[in-house]
Trainee: 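Pasting a structure below so you can have a look.
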Protein chains: 2
Amino acid sequence: MDRTMIEDMMFPDCPIRNILARLCDKWSLLVIYTLNKAGKEVMRFKELQREIPDISQKMLTVTLRTLEEDGYITRTVYPEVPPRVEYALTPRTHSLLPHINALISWALENKDAIIEDRKRVKK
Amino acid sequence: MDRTMIEDMMFPDCPIRNILARLCDKWSLLVIYTLNKAGKEVMRFKELQREIPDISQKMLTVTLRTLEEDGYITRTVYPEVPPRVEYALTPRTHSLLPHINALISWALENKDAIIEDRKRVKK
DNA sequence: CCGAATCCTGTCTGATACTG
DNA sequence: CAGTATCAGACAGGATTCGG
């Protein structure tokens with residue numbers, strides 16, 4: 001957390017802001033979380049869709065492509081009939097997961113107080 | 001990270017997903033980060049706007065109000081002329097900051113590789 | 001089975017003007 | 001100084017249809 005980064009963060013095109021923005025969309029973190037919690041090495045498209053009931057087919061596709069672009073997951077196509085496509089987390093993502101899980105744990109610990117605050121302020 | 005939470009996360013109305021979604025919008029994390037890095041106890045509206053050059057007045061207002069609703073910041077109005085309003089982080093946010101900073105550090109360490117991956121995949 | 005492509009809609013966001 | 005109000009454009013996300 002040096003001075004250089006602190007300066008960088010304040011500019012619109014800051015790569016750190018860009019990376020966090022792409023991770024923090026509606027589905028990316030949840031897909032990563034789901035790929036990890038399943039405890040399997042790989043997951044297929046349909047499995048992911050079953051695990052995340054409210055994601056549309058389009059958004060799952062788009063999210064997986066974006067995650068692949070940034071190197072968070074690998075996408076392996078097996079030329080079979082019917083087709084089989086398997087998704088797996090990369091080492092990069094495994095190094096990120098502790099931080100995501102820390103955030104989730106924090107949210108779990110604080111959710112009651114936060115929800116309480118919302119009600120109080122709105123009143 | 002118990003079983004209950006894992007089940008919860010998969011439902012649309014999961015409070016954890018809700019909390020993370022509100023934190024992960026375009027400006028919230030950056031505003032929190034800015035309030036913290038300044039090293040002051042409080043900051044005024046104009047100071048924040050100066051520190052984040054590309055945020056509009058409206059979005060800064062909206063973001064600050066949302067952060068206040070969820071108890072991440074306090075908003076203190078001094079009935080003077082001209083008016084003075086000071087924003088400060090709450091203890092809740094100070095307990096969250098290590099996780100945010102961990103994410104930022106991770107992004108800093110991995111940004112070059114991620115940007116490289118994007119170019120490679122797009123080709 | 002795993003998508004691509006299209007269309008469409010509501011929300012988010014920014015620019016601008018105005019106020020106590 | 002610190003907002004509010006209004007409006008318009010951009011954009012994310014969903015529904016649907018089609019294809020290998």
Side-chain angles (χ1 to χ4, degrees), chain A residues 10-14 17-31 34-35 38 40 42-70 73-88 121-122, chain B residues 11-14 17-18 20-31 34-35 38 40 42-70 73-88 121-122:
Chain A
M10 292 306 140
F11 281 92
D13 294 339
C14 163
R17 277 168 65 176
N18 172 275
I19 287 170
L20 291 184
R22 279 171 71 120
L23 266 180
C24 286
D25 64 3
K26 189 170 180 182
W27 300 110
S28 291
L29 282 183
L30 191 58
V31 167
T34 304
L35 272 166
K40 309 172 188 173
V42 299
M43 281 182 85
R44 302 182 60 171
F45 190 90
K46 275 290 177 193
E47 286 184 273
L48 282 165
Q49 216 176 4
R50 264 193 302 271
E51 289 298 311
I52 311 173
D54 58 329
I55 195 171
S56 67
Q57 189 180 45
K58 172 185 171 179
M59 288 318 297
L60 183 52
T61 301
V62 170
T63 302
L64 288 168
R65 287 300 190 284
T66 304
L67 291 176
E68 189 193 5
E69 263 186 44
D70 285 14
I73 62 172
T74 58
R75 177 173 181 270
T76 311
V77 183
Y78 296 89
E80 307 170 352
V81 178
R84 179 162 57 103
V85 181
E86 289 182 342
Y87 298 93
V121 174
K122 290 284 203 183
Chain B
F11 281 92
D13 294 338
C14 164
R17 279 169 64 175
N18 173 275
L20 292 183
R22 280 172 70 121
L23 267 180
C24 285
D25 64 4
K26 190 170 181 183
W27 301 109
S28 291
L29 282 182
L30 191 58
V31 167
T34 304
L35 271 167
K40 309 171 189 173
V42 300
M43 281 182 85
R44 302 179 61 170
F45 190 90
K46 274 288 179 195
E47 288 184 90
L48 282 165
Q49 216 176 3
R50 264 192 303 271
E51 290 297 312
I52 311 174
D54 57 328
I55 196 171
S56 66
Q57 190 179 42
K58 172 182 171 180
M59 287 318 296
L60 182 52
T61 301
V62 170
T63 303
L64 287 169
R65 288 298 192 286
T66 305
L67 290 175
E68 189 193 5
E69 263 186 44
D70 286 14
I73 61 173
T74 58
R75 177 174 182 271
T76 311
V77 183
Y78 296 90
E80 307 171 355
V81 178
R84 180 162 56 103
V85 180
E86 290 182 341
Y87 297 93
V121 174
K122 291 284 206 181

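Chain naming here is simple, since letters A, B, ... match the order of the sequence lines and numbering starts at 1 in each.
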Trainee: When all nucleic acid strands are considered with a 4.0 Å heavy-atom cut-off, which category describes B:Gln57: base, sugar-phosphate, or nothing?
Mentor: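 Here B:Gln57 touches the bases of the nucleic acid.
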
Trainee: Using a 3.5 Å distance criterion without hydrogens, assess whether the side chain of A:Thr61 forms a donor-acceptor pair with backbone atoms of A:Gln57.
Mentor: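 Looks like yes, one N/O pair under 3.5 Å.
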
Trainee: Write down the atom of A:Tyr87, the atom of A:Ile73, and the distance for their closest heavy-atom approach.
Mentor: CD2-CD1, 3.8 Å

Trainee: Of B:Pro82 and B:Asp54, whose closest DNA chain C nucleotide lies nearer the 5' terminus?
Mentor: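 This one resolves to B:Asp54.
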
Trainee: Is the side chain of A:Arg17 donor-acceptor paired with the backbone N or O of A:Phe11 at a distance under 3.5 Å, no angle test?
Mentor: yes

Trainee: Of the nucleotides C:dA4, C:dG20, C:dC1, which has the atom closest to the A:Pro83 side chain?
Mentor: C:dC1

Trainee: Rounded to the nearest Å, what distance is computed from the NZ atom of residue B:Lys58 to the C1' atom of nucleotide C:dT19?
Mentor: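 Atom-to-atom, B:Lys58 to C:dT19, this comes out as 17 Å.
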
Trainee: Should A:Leu64 and A:Trp27 count as side-chain neighbours, where that means a heavy-atom distance under 4.5 Å?
Mentor: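 Result no, sub-4.5 Å side-chain heavy-atom pair not found.
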
Trainee: What is the distance, rounded to the nearest whole Å, between atom CD of A:Glu86 and atom P of C:dG3?
Mentor: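 To the nearest whole Å, that distance equals 11 Å.
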
Trainee: Below the 4.0 Å mark, does C:dC2 have OP1 or OP2 next to a side-chain nitrogen or oxygen of A:Arg44?
Mentor: yes

Trainee: I need the B:Glu51 CD to B:Leu30 CG distance, nearest 0.5 Å.
Mentor: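 Those atoms lie 10.0 Å apart.
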
Trainee: Base, sugar-phosphate or nothing for B:Tyr78? Non-hydrogen atoms, less than 4.0 Å.
Mentor: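 Contact class for B:Tyr78: none.
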
Trainee: Choosing from D:dA2, C:dC2, C:dG14, which nucleotide comes nearest the side chain of B:Val85?
Mentor: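 Shortest atom-to-atom distance from the side chain points to D:dA2.
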
Trainee: Measure from CZ on A:Arg75 to P on C:dG3 and round the result to the nearest Å.
Mentor: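 Result: 5 Å.
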
Trainee: Rounded to whole Å, how long is the line connecting atom CE of A:Met43 with atom P of C:dG3?
Mentor: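 It is 13 Å, rounded to the nearest whole Å.
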
Trainee: Closest approach to the side chain of B:Tyr87, judged atom by atom: which nucleotide of D:dG14, D:dG3, D:dC1 is it?
Mentor: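 The answer is D:dG3, which lies nearest to the side chain.
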
Trainee: Please check the phosphate of D:dT4 (OP1 and OP2 only) for any side-chain N or O of B:Arg65 closer than 4.0 Å.
Mentor: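 Looking at the OP1 and OP2 atoms of D:dT4, one of them is under 4.0 Å from a side-chain N or O of B:Arg65.
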
Trainee: Just the rounded figure in Å: distance from C1' of C:dT11 to NZ of A:Lys26.
Mentor: 11 Å

Trainee: What integer distance in Å separates B:Lys46:NZ from D:dA2:C1'?
Mentor: 8 Å

Trainee: Just how far, in rounded Å, is P of D:dG3 from CD1 of B:Ile55?
Mentor: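 Whole-Å distance recorded here is 12 Å.
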
Trainee: Roughly, in whole Å, what's the span from CE in B:Met59 to P in D:dT4?
Mentor: 13 Å

